[in-house]
Amino acid sequence: MNDADMNNPAYDVIVVGSGAAGLTAALELATRLKVLVLAKGSLTGGSTAWAQGGIAAVLDAGDTFENHVRDTMVAGAGLNDREAVEFVIERAPASIDRLCELGVPFNRDDKDLHLTREGGHSHRRIVHVDDATGWAVQSALLRAAQDNPNITLLGGRSCIDFITDRHRENFSAAGRVWGVYALNEENGAVERHVARATVLAAGGAGRCYLFSTAPRGATGDGIAMAWRAGARVSNMEMMQFHPTCLYNFEVKNFLITEAVRGEGGRLYNPQTGKRFMAYYDPDRMELAPRDVVARAIDAEIKRFGLDFVHLDISHAGADFVRSHFPTIDEKLTGLGIDMTSEPIPVVPAQHYTCGGVVVDLAARTDLPGLWAAGECTESGLHGANRLASNSLLECFVFGEAAASDILERWDTLGEPPAIKAWDATRVTDSDEMVVIKQNWTEIRRFMWNYVGIVRTTKRLERAANRIALLKQEVEDYYGSFVVTTDLIELRNLLQAAELIVRSALERKESRGLHYTLDYPETDEEARDTVLVP
């Protein structure tokens, strides 16, 4: 398909992202409409495939929706939107049913689904596929999408910006979204993908940080694109750090799932040999929410000058460990670590973007024609800290909500106007790619040092100053040279970093994932940090 053809839409809806949220929306939309799914890199390169833990859902007779709501609100430090929390949790069992119909091979006790427990949950309610739930879900959704004649999947497309009314051949200042400009990573051409409706499901911004469990492509692309197009973002300072990432020089960013602690894993100081969570959260110990555990590990590392702490589940027995965590056991064995008989060295790492593009319960953004779902959004579910295994659930519920709203409003959306082709006449090939590598590394390092687990106003101001200096340099570079995936990602990474720092500076309290030494107390009233373009 050439660029000229793309200006005459062959598709009704464009979905940006091929993870749980994007494919859920695509499958629902494809019951009536032609859908194009665009993915940066491979179709399985997003965060969904990396999710180890599982999906939270009330399925046990001894559990209730109210219990799950309460656990979510406690973890979120009251910043959650209760209506959004109830909306998602009440739809969880139906989401699990649909995944079972798609063939996701969830673990079972005889006929019943096996439920495990994770930090912050008061009951066993985590449905899982061993310790590789995300990969099983991604595979099932992708198979269904590939088999659907109304869905076209295009990998190797790095989206640059949303097409809005300002890109019409007859210019308009309105903010209506009509699709995306995307770089074809194979041939370097910039394509127009035009449609009546666009669903953004592009994932989070974890790669803003030096240490992150997020995949290589989690550079905040969707959040940055939506911000540039005029959408509000909220609570970007709420960046979740997973407490237990493997500390190993050979393998970076390998996550040790929350479920290891949920099944009895204990945290030890390798220098003293003592369990230390009793000093930080004596009631919940290792089952405290992630922000509490991450800060506790960070404090132990800094106080004792450690490189890591120990996570030990060897007391559970070799058969139990291997049957519950086969993927992790296999990975660690290959690295010379036997988790059935010795502790695992772990450190905190950035894990999840709790803030993002503001959406309502129909997954609508501020921009007409644009819906959004998943980690790139702020739906009100997570608040100041995501409860473990609520993330995939959010993808399913809001992916379906976006599709349902588009189908319901379809006849009112209107046909796309004529859209201008991408203009590359004033740029040349870059002869200094080192600029991209240097700036990428600098951003991730100062974000880790200044905007990490524990913050101060002075550190945040240092980060803001660095961003201001880099911003002009990156924009000049972007305006002068042919776009590449690396350049697109650098531009978005810097924009996401700026939004995180601006949000952090606006919050004059410590709440959930945002902990600042200058404002250690929590305000009585919980308020969202909302940034307006």
Side-chain angles (χ1 to χ4, degrees), residues 52-53 75 116-121 124 126 131 209-213 240-351 385 388 448-449 452-454 513 515 517 520:
Q52 292 177 342
T116 188
R117 185 179 173 192
E118 295 182 347
H121 288 274
R124 285 183 171 267
I126 313 302
D131 55 351
Y209 287 88
L210 187 61
F211 300 106
S212 173
T213 65
Q240 186 178 74
F241 291 81
H242 197 287
T244 54
C245 182
L246 176 66
Y247 179 84
N248 187 276
F249 291 118
E250 294 179 44
V251 178
K252 295 182 179 180
N253 310 320
F254 184 72
L255 176 66
I256 307 300
T257 176
E258 191 97 3
V260 171
R261 287 184 288 119
E263 293 293 348
R266 302 166 182 169
L267 288 164
Y268 291 91
N269 182 314
Q271 190 177 110
T272 65
K274 294 181 179 179
R275 287 176 74 180
F276 57 81
M277 281 306 300
Y279 304 116
Y280 301 95
D281 198 316
D283 293 329
R284 294 176 293 186
M285 297 288 282
E286 283 85 2
L287 290 176
R290 287 175 175 174
D291 61 318
V292 176
V293 180
R295 280 200 298 274
I297 294 174
D298 184 66
E300 288 291 297
I301 286 173
K302 288 176 178 173
R303 180 183 172 198
F304 288 91
L306 309 173
D307 291 322
F308 54 82
V309 298
H310 278 151
L311 174 63
D312 192 4
I313 195 171
S314 60
H315 56 272
D319 291 342
F320 179 91
V321 171
R322 291 194 179 109
S323 65
H324 280 70
F325 308 108
T327 307
I328 296 174
D329 179 58
E330 181 182 359
K331 185 74 169 181
L332 295 180
T333 299
L335 296 170
I337 301 169
D338 181 2
M339 68 182 291
T340 68
S341 63
E342 63 182 316
I344 307 164
V346 295
V347 291
Q350 187 285 335
H351 184 57
N385 183 19
W448 181 260
N449 290 333
I453 297 172
V454 177
L513 299 165
Y515 185 80
L517 296 176

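- The side-chain heavy atoms of Q350 and F241, taken from C-beta on, include a pair separated by under 4.5 Å.
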Audit row: F304, N269, side chain to side chain contact (heavy atoms under 4.5 Å, CB included) steps and yes/no: CA-CA 9 Å; F304 288 91; N269 182 314; 3.2 Å; yes

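- Checked against salt bridge (Lys or Arg N to Asp or Glu O under 4.0 Å), E286 has the following partners two or more places apart in sequence or in another chain: R275.
- Minimum heavy-atom separation, P345 to F308: CB-CD1, 3.6 Å.
- Distance check: I126 CD1 to E258 CD gives 9.0 Å after rounding to the nearest 0.5 Å.
- A donor-acceptor contact shorter than 3.5 Å links the side chain of H315 to the backbone of G264.
- In this structure, E342 contributes its side chain and D338 its backbone to a donor-acceptor pair below 3.5 Å.
- Within the 4.5 Å cutoff, the side chain of D307 has heavy atoms near those of the Y247 side chain.
- A donor-acceptor contact closer than 3.5 angstrom is absent between the side chains of E300 and Y279.
- The shortest heavy-atom contact between T213 and C245 is CG2-SG, 4.1 Å.
- For Q240 and N385, the side-chain atoms include at least one donor-acceptor pair closer than 3.5 Å.
- E263 contributes atom CD, which lies 4.0 Å from atom CZ of F320 (distance to the nearest 0.5 angstrom).
- Atoms CD and CG, from E250 and L335 in turn, are 5.5 Å apart once rounded to the nearest 0.5 Å.
- Minimum heavy-atom separation, G273 to Y268: O-CD2, 3.5 Å.
- In this structure, R117 contributes its side chain and H121 its backbone to a donor-acceptor pair below 3.5 Å.
- When all heavy atoms of R261 and P243 are compared, the pair lying nearest together is NH2-CG, 3.6 Å.
- Among residues two or more places apart in sequence or in another chain, the side-chain hydrogen bond (donor to acceptor under 3.5 Å, both in side chains) test is passed with K302 by D298.
- Under a cut-off of 6.0 angstrom, the local environment of CZ in R303 is sparse, with at most 12 non-hydrogen atoms contributed by other residues, nucleotides or ligands.
- When side chains are defined from C-beta on, F276 counts as touching I297, because their heavy atoms get closer than 4.5 Å.
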Criterion side chain to side chain contact (heavy atoms under 4.5 Å, CB included) on L246 and I337, from CA distance to verdict: CA-CA 11 Å; L246 176 66; I337 301 169; 4.2 Å; yes

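- Contact of the V260 side chain with the T244 side chain is not registered, since no non-hydrogen atoms from C-beta on lie closer than 4.5 Å.
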Residues F254, I328; criterion side chain to side chain contact (heavy atoms under 4.5 Å, CB included); working and verdict: CA-CA 9 Å; F254 184 72; I328 296 174; 4.3 Å; yes

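- The heavy-atom pair separating I453 from P348 by the smallest distance is CD1-CB, 3.6 Å.
- Scanning all heavy atoms of the two residues, the minimum distance from I313 to M339 falls at CG2-CE, 3.9 Å.
- In this structure, the separation between CD1 on I256 and NZ on K331 is 10.0 Å, given to the nearest 0.5 Å.
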V346 and V309: CA distance, side-chain angles, deciding distance, side chain to side chain contact (heavy atoms under 4.5 Å, CB included) verdict: CA-CA 6 Å; V346 295; V309 298; 3.7 Å; yes

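- A heavy-atom distance below 4.5 Å is not found between the side chains of M277 and R284.
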